[in-house]
Amino acid sequence: MLGSVVVGLGIAGCVRMRDLAAPLPSSAAEKLSLRGFVSRRTLEDQQSVEQITMAEALSRADIHVAFICTENTNHEESIRQFLEAGKHVCVEYPMTLSYTSAVDLWNLAQQKGLVLHEEHIELLTPDYKQLKKDICGRTLEKGTLHFTGGPLKPNFGFPSFSGISRLTWLVDLFGELTVTATSLVEEKENKYMKMTAHLLTQQHKPLTWIEERGPGLGRVKRIDLHFQDGTISELPAGQREPVGLFMQDQVLFGRKLQGDVSAAELQAERSRILHCLELADRMQQLSGGAQA
């Protein structure tokens, strides 16, 4: 059994606590045992485990794994601390708010023989899985992915990082991309922002990614994908699965800890994640934007 600690008790942290306390039977997730949680707030016991300090989480010999579920701006420092302490790490996306620091952290994990896993539950959703099936083998001509949502909280980074799950969709669907231009419209007094990024596929087909956030905007993904043989303008309704998204991710993380994921799969995942972070960095540079 690998003793685990959850750092940060927001929505994701609470789900991690729940799933660690009741893992999927007969899966790799059963190898993880919840030993405590870390929070800025002083809280009562959660899932029958007590709150501990960050120093305890880093030093305790019975804690081998950390789940980092804090604001994006805190990810890098927390990952580095746990890796330096010899602990495996599962972190919510984005791993960091810069490509260079992500490379450094992954190199550190490799040097220490530790697993560094970045969660990407957006690739596990039923609608995404169905979309990927629906476009398999089709030739893209052009496409747009437009996300809207409420105002972004502080400490989540530039929109290309805070919204990196949408960028991950595009890279997973269409391969490596090139950023040609990025613009950012901000009305801070109205808590509104709109980032528009223009990209090209390796076949030189245009993709547009729009992140738009502000009061009253519903959380919606809109797609408009044109192929040689037709158009997809609505997300398909995928079949619901009995296992939750975070539990699916926890099983994958558990398989990595057991050495049950091939080197080729690990390398492909690392390449995709770093490519997305590099694109996000480039978008921030092109727009002249600073981290939020």
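All values below come from the heavy atoms of this structure, side chains included, with hydrogens, waters and symmetry mates left out.
Cluster partners of Leu245, by chain and number: Val15, Ile121, Leu124, Phe246. The rule joins Ile, Leu, Val, Met, Phe, Trp and Tyr whenever side-chain heavy atoms lie under 4.5 Å apart. Other members of the cluster containing Val220 do not exist, because no ILVMFWY side chain is joined to it at under 4.5 Å.
Here the CZ-CZ distance, from Phe253 to Arg16, works out to 8.5 Å after rounding to the nearest 0.5 Å. Between the CE atom in Met193 and the CD atom in Glu212 there is a gap of 8.0 Å [rounded to 0.5 Å]. For the atom pair NE2 of His275 and CD of Glu176, the computed distance is 4.5 Å after rounding to the nearest 0.5 Å. Once rounded to the nearest 0.5 Å, the distance linking CG of Leu58 with OG1 of Thr53 reads 8.5 Å. The SG atom of Cys276 lies 13.5 Å from the CH2 atom of Trp169; values are rounded to the nearest 0.5 Å.
Panel note: side chain Arg35, backbone Asp62; a donor-acceptor pair is recorded below 3.5 Å. The backbone N or O of Phe227 sits nowhere less than 3.5 Å from a side-chain atom of Arg138 that would complete a donor-acceptor pair. In this structure, His75 contributes its side chain and Pro94 its backbone to a donor-acceptor pair below 3.5 Å. A donor-acceptor contact shorter than 3.5 Å is absent between the side chain of His88 and the backbone of Leu83. Counting only distance, with no hydrogens or angles, the side chain of Asn72 and the backbone of Gly157 share no donor-acceptor pair below 3.5 Å.
Just one of Gln46, Arg18, Gln47 meets the side-chain contact (heavy atoms from CB on, under 4.5 Å) condition when paired with Leu34; it is Gln47.
In this structure, Tyr93 and His120 have parallel ring planes: the angle between them is below the 30° cut-off, well short of the 60° mark.
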